[in-house]
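Computed over heavy atoms, backbone and side chain alike; hydrogens, waters and symmetry mates excluded.
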Amino acid sequence: MTTEDWTATLPRKRMGAGVLLSDEEGRVLLVEPTYKPYWEVPGGCVEAGESPRAAAARELAEELGLSVPVGRLLVTDWVPASEGRTEGLMLIFDGGVLAAGRAASIRVPADELRGWAWCTEAEAGARLSPLLARRVAAAVRARSDDSSCYLEDGYAA
């Protein structure tokens, strides 16, 4: 068996990278996709050959028109397979505090996003899927504690 043959037998996982951006009041920035019934943090799929941090930066530019330094990793969340989806690793990086002037320059692609909003923890919990609400809450705590966390399906493991 060649290395290529052996490699072809290894499992495949989805990987996504998002960014936690906050305003000066501590609210988090969420985006409303046109193709899902719930909101998301800015981010998306990590493409083949792309690092998760590079994917997060690319998605910020594509979704919001922002060039923001992508900081440290806040959350790693393993998500089990579900109907129609393979298992995956979802990451959230720290995007820091976005000044009001920078936020005013945000532009979203109409074919992908309906819009964006600053959300309190309660507002985020109402707009996000339960899984993503847990992940975002963990990211906010990790930033506050200057830590990082590992989750499984949004729960501390």
Over all atoms of both residues, closest heavy-atom pair of [X] and [Y]:
X: Pro42; Y: Leu60; value: CB-CD2, 3.8 Å
X: Trp39; Y: Pro33; value: CA-CD, 4.0 Å
X: Ala138; Y: Leu151; value: CB-CD1, 3.8 Å
X: Ser148; Y: Ala142; value: CA-CB, 4.1 Å
X: Ala17; Y: Pro52; value: CB-O, 3.4 Å

Is it true that [X] and [Y] fall in one hydrophobic cluster, defined by side-chain heavy atoms closer than 4.5 Å?
X: Leu132; Y: Trp78; value: no
X: Ile92; Y: Leu128; value: yes
X: Met90; Y: Leu73; value: no
X: Leu113; Y: Val19; value: yes
X: Val41; Y: Val28; value: yes

Could you tell me whether the side chain of [X] and the main chain of [Y] form a donor-acceptor pair under 3.5 Å?
X: Thr120; Y: Glu123; result: yes
X: Thr76; Y: Leu91; result: no
X: Arg14; Y: Cys45; result: no

So do the side chains of [X] and [Y] get within less than 4.5 Å of each other, counting heavy atoms only?
X: Ile106; Y: Leu29; result: yes
X: Val140; Y: Leu20; result: yes
X: Leu66; Y: Ser105; result: yes
X: Arg102; Y: Val68; result: yes
X: Cys119; Y: Arg127; result: yes
X: Arg72; Y: Asp146; result: yes

Tell me whether Tyr150 at atom OH has more than 12 heavy atoms from other residues, nucleotides or ligands lying less than 6.0 Å away.
yes
- Item | Enclosure of Glu121 CD (heavy-atom neighbours >12, cutoff 6.0 Å) | no
Side chain to side chain contact (heavy atoms under 4.5 Å, CB included) between Thr86 and Arg12: does it pass, once the steps are laid out? CA-CA 8 Å; Thr86 59; Arg12 307 261 186 237; over 6 Å; no
Atom pair [atom1] ([X]) and [atom2] ([Y]), whose distance is rounded to the nearest 0.5 Å:
X: Thr9; Y: Glu4; atom1: OG1; atom2: CD; value: 12.0 Å
X: Asp77; Y: Leu89; atom1: CG; atom2: CG; value: 8.5 Å
X: Arg143; Y: Asp94; atom1: CZ; atom2: CG; value: 4.0 Å

Residues pairing under side-chain hydrogen bond (donor to acceptor under 3.5 Å, both in side chains) where one sits in residues 57-66, two or more places apart or in two chains, turn out to be Glu50-Arg58, Arg58-Glu62
The complete set of ring-ring contact (aromatic ring centres under 6.0 Å, His included) pairs with one or both residues in residues 114-136, sequence neighbours excluded, reads Trp116-Trp118
(request) List the steps, then state whether side chain to side chain contact (heavy atoms under 4.5 Å, CB included) holds for Leu21 with Leu64. (result) CA-CA 11 Å; Leu21 291 166; Leu64 303 175; 4.2 Å; yes
Applied to residues 24-39, the salt bridge (Lys or Arg N to Asp or Glu O under 4.0 Å) test, sequence neighbours excluded, yields Asp23-Arg27, Glu25-Arg27, Glu32-Arg114, Lys36-Glu40
